[in-house]
Amino acid sequence: MTVEHGIAGQEAVAAEESPSVVPGVRVGNEPLRELPRDLYIPPDALEVFLETFEGPLDLLLYLIRRQNLDILDIPIAAITRQYMGYVEVMKELRLELAAEYLVMAAVLAEIKSRMLLPRPVKVDEEEADPRAELVRRLQEYERYKTAAEDLDSLPRVGRDLQPATAMVPEMPREAPAPEVSLDDLLMALADVMARAEMFSHHHVQREVLSVRERMSWTLQQLDSEQFTDFRSLLRPEEGKRGVVVGFLAILELIREALLELVQAEPFAPIYVRARA
Amino acid sequence: MATPPLKHILEAAMLAAGDALSLEHMQALFPDTDRPEKPRLRGALLELQQDYADRGLDVVEVASGWRIQVASDMVPWLARLWEEKPVRYSRALLETLAVIAYRQPVTRGEIEEVRGVSISTTIMRTLQDRGWVRVIGHRDVPGRPAMFGTTRAFLDHFNLKSLDQLPSLGELRDLSELHPELDLGFPDTADPAAEEAADRGSSDG
Amino acid sequence: MATPPLKHILEAAMLAAGDALSLEHMQALFPDTDRPEKPRLRGALLELQQDYADRGLDVVEVASGWRIQVASDMVPWLARLWEEKPVRYSRALLETLAVIAYRQPVTRGEIEEVRGVSISTTIMRTLQDRGWVRVIGHRDVPGRPAMFGTTRAFLDHFNLKSLDQLPSLGELRDLSELHPELDLGFPDTADPAAEEAADRGSSDG
């Protein structure tokens, strides 16, 4: 019996007492007579136990740490055999066996075979220990596994601490009015116009917005009760263009039947009134 | 573990809960064997009340129990605590505003016709409350619907001197590029619709 | 209206917010003309910290600002305040979070390489839904995989001010650290494990 089997054997009291045939578990074509000797947990807890591994690296680390081995000096043959034992059990218990476990099995087998080969007398600097990559990955994984445990032990909200909150009676919330950019507005209009098919050929026209604006202004000057002097709606100080715009606005309003004109006699003052 | 003073346990509990706790609920914090009687709880709460005097916080009894709350004279100092996130206007509101700007004077019915959907009263009220839109008359048709137009405040907000400074509908079309069949000059655009249109254009011609 | 002491305004604000407030946010509580400088704010917060000593409440600084929280030694007394037990996180989730926290920016593929297993979409979604992890860019390699990093909310949740405060990662050691003296003279017999392996290899077969 090898050394690590000895250690495992001392731990594996439950495994030693296990029934000689594990029900329903077959390895290859043979029923599994015994659980792997290094299992130290009762077989009925095996499934739960195996499911706690976070992957092949986690399982390997467990095998190494359990025997107090230095991660830099893994007895690859022994570890490989133990690893394969667990993988076989996982397969037979029909645990959902991630492909990563099988990949790791292949990696271990390859390292084992390379270590069996006779080594050249002169060791090249380049020729690294075949375990190097595995050791690197194991250490890397172990760092983060430990980091995860550290993280879990940090005080955290909801478990170890709770932000303190006081009620606020009738809070006067000054909700600021939303900002709207001109781009937002124009995009909204482009959308609505597209929907309304305003852009189809025969509708495309030069919208004279100043006329529209002036129509609004003109309407605001008017009253449906009394007449307003037509001339007061045109503002010479705006120049020729301003007068034309004002005039067009009035014409447009008449066309839309929004106002009416009255002239008592030729050349008399023209009066305007909003149509009631 | 040493037991903290009762008033500090109650203080922490009320602040952790962030809401009122009944005396029964406070009692339930303790194991059966060490449950303080209600008079003791009340005593501790009154002590807390004294500790809190002049601190901007009150320990008060309300219908559902006791709670810690910000004192009313402190409230004005917190008014800006939540004001940082302005709400956003809905798409419907922006479209309505755009239609009013471009088609004024315009009635609600006319806006609905352009947009193809009905407009909620809330939207019209919001636009008027904001001071961007006002009623500028009534159309002389049955029902005398109000006609809306934009205001000076609207122009000011968008930093415009007059509505003329808004792009024309034609320029807007370019902005949206929604109808590429008009873009006959650029047959090599990636838009398949444009290519299709260009194809048709040549075979038609 | 008399101005209350600065520390009381800040206390009320933090308690009203029920969460961390940045110094900038605290400054914004005051009108432009009367905005306290950050050193003054810090001074007031340190005063508060002293006032709170031995009271079962802490004034702490975390990533997104300062908050008042129920001290951890008080939490056992409040355990019965909530019906539900605090959530336990799975090892898979914690390990994934640890790799992201220590190695950011990191792609999902890189996390999987470190952990030696594929990572479920559920875990990545949970971490993002909780707001602890977010996509902070894409690596410029084929497929442009998303790179993940942690957020302020992550630091806040674990009561940290910055990533510096995370416990330090373990050291990586090198194989050459082992038996260096043997490697010098007897390169071909230096490795006892290889011999052992050879032994067993033959007996296993």
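Throughout, a chain's letter reflects where its sequence line sits, starting with A, and its residues are numbered from 1. Just so it is clear, the structure is predicted and the values come from calculations on it, not from any experiment.
- A 4.5 Å side-chain heavy-atom check between Q165(C) and F158(C) finds every atom pair outside the cut-off.
- Contact of S118(C) with chain A is made through backbone and side chain together, with heavy-atom distances under 4.5 Å.
- Interface remark: D156(C) contributes backbone atoms only to the contact with chain A (heavy atom separation under 4.5 Å).
- Look at D51(C) and R55(C) and you find no salt bridge, because none of the NZ, NE, NH1 or NH2 atoms lies under 4.0 Å from a carboxylate O.
- Annotation: maximal heavy-atom pairing with chain A below 4.5 Å, among N159(C), L93(C), L169(C), V87(C), occurs at L169(C).
- Both the backbone and the side chain of L161(A) come within less than 4.5 Å of a heavy atom in chain C.
- A centroid separation of 6.0 Å or more is found between the aromatic rings of W66(C) and Y52(C).
- For M74(C), no part sits under 4.5 Å from any heavy atom of chain A, backbone or side chain.
- Interface residue R91(C): backbone and side-chain heavy atoms are both found under 4.5 Å from chain A.
- The parts of V117(C) that come within reach of chain A are both its backbone and its side chain, each placing non-hydrogen atoms under 4.5 angstrom from that chain.
- The part of T52(A) that comes within reach of chain C is its backbone (N, CA, C, O), which places non-hydrogen atoms under 4.5 angstrom from that chain.
- Proximity to chain A is limited to the side chain of L160(C), based on heavy atoms less than 4.5 angstrom apart.
- Note on ring orientation: taking the six-membered ring where Trp is involved, the planes of F53(A) and Y86(A) are perpendicular (angle over 60°, cut-offs 30° and 60°).
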